[in-house]
Amino acid sequence: MKNKFILLFSFVLLLFIGCSKEKSISENVSDVKNGSDSHLITFIELGSVNCVPCKMMQPVMKNIEKRFGSQVKVIFYDVWTKEQEGYAKIYNINGIPTQVFLDKNGNEIARHVGFYPEEELADFLKSRGLKEIGTK
């Protein structure tokens, strides 16, 4: 009876693990680098919701999404959380906030450390060929 229980428990555990829908960090990075969507630039913000300059970047990221629409994909990783701390290592960051910009093929084209003022960030995106479609 004990062996049947262990066998059943092992089967259920393997089934649960196999059906997990959560992607690993490396799978998420691979998705971003494969350029599977129509975005011209992927803007990755690596920071924390508990960091003052990072909090200041939150409205900047939202406004950039509005101003440039589907031309830019904005991704935020909170590298102070257990679930997302691996992104700090993958993107080789030494301070937060750090902004990493990828082209449509997933190649890094620029990076910035610290608070990035919205107008400077918008000017950078325009210099890469993006057009504003929305208002500030």
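Note that this is a predicted model, so its numbers are computed, not measured. When reading the values below, keep in mind they use all heavy atoms of this one structure, side chains included, and skip hydrogens, waters and symmetry mates.
In this structure, the ring pair (Phe, Tyr, Trp, His ring centres under 6.0 Å) partners of Phe101, at least two apart in sequence or on a different chain, are Phe43, Phe124. When the salt bridge (charged side-chain N to carboxylate O under 4.0 Å, His left out) test is applied to Glu108, the partners found at least two apart in sequence or on another chain are Arg111.
Smallest separation of non-hydrogen atoms from Val113 and Gln99: N-OE1, 4.2 Å. Scanning all heavy atoms of the two residues, the minimum distance from Trp80 to Ser48 falls at CE3-OG, 3.1 Å. Heavy atoms only, all atoms of each residue included: Ile133 and Gln71 are closest at CG2-NE2, 3.9 Å. Closest approach of Cys51 and Pro97 over heavy atoms only: SG-CD, 4.3 Å. The heavy-atom pair separating Leu46 from Ile96 by the smallest distance is O-CG2, 3.6 Å. Shortest non-hydrogen contact noted between Ala88 and Val79 is N-CG1, 3.8 Å.
Salt bridge present: Glu119 and Arg67 bring a charged side-chain N and a carboxylate O closer than 4.0 Å.
Using modelled atom types, one side-chain atom of His39 and one backbone atom of Ser70 make a donor-acceptor pair closer than 3.5 Å. At distances below 3.5 Å, not a single donor-acceptor pair connects side-chain atoms of Glu65 with backbone N or O atoms of Val60.
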> Do Glu45 and Tyr77 pass the side-chain contact (heavy atoms from CB on, under 4.5 Å) test, and can you show the C-alpha distance, the side-chain angles, and the key distance before you say yes or no?
Replying inline: CA-CA 6 Å; Glu45 172 78 11; Tyr77 295 125; over 6 Å; no

> For Ile44 and Tyr91, what are the C-alpha separation, side-chain angles and deciding distance, and is it a side-chain contact (heavy atoms from CB on, under 4.5 Å)?
Replying inline: CA-CA 10 Å; Ile44 302 170; Tyr91 288 102; 3.3 Å; yes

>> Applying side-chain contact (heavy atoms from CB on, under 4.5 Å) to Asp123 and Lys126, what does each step give before you reach the verdict?
In response: CA-CA 5 Å; Asp123 288 344; Lys126 288 182 218 175; 4.1 Å; yes

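Lys131 NZ: 12 or fewer foreign heavy atoms inside a 6.0 Å radius.
The line from CD1 of Ile75 to CE of Met61 is 11.5 Å long, rounded to the nearest 0.5 Å. Atom CZ in Phe68 sits 5.0 Å away from atom CG in Leu125 (nearest 0.5 Å). Separating the NZ atom in Lys55 from the CG atom in Asn50 is a distance of 6.0 Å, to the nearest 0.5 Å. With rounding to the nearest 0.5 Å, the separation of CG in Asn105 from CG in Leu40 is 10.5 Å.
Put simply, the residue from Asp103, Val74, Ile109 that forms a side-chain contact (heavy atoms from CB on, under 4.5 Å) with Ile41 is Ile109.
Using a 4.5 Å heavy-atom cutoff, the side chains of Gln58 and Phe76 are in contact.
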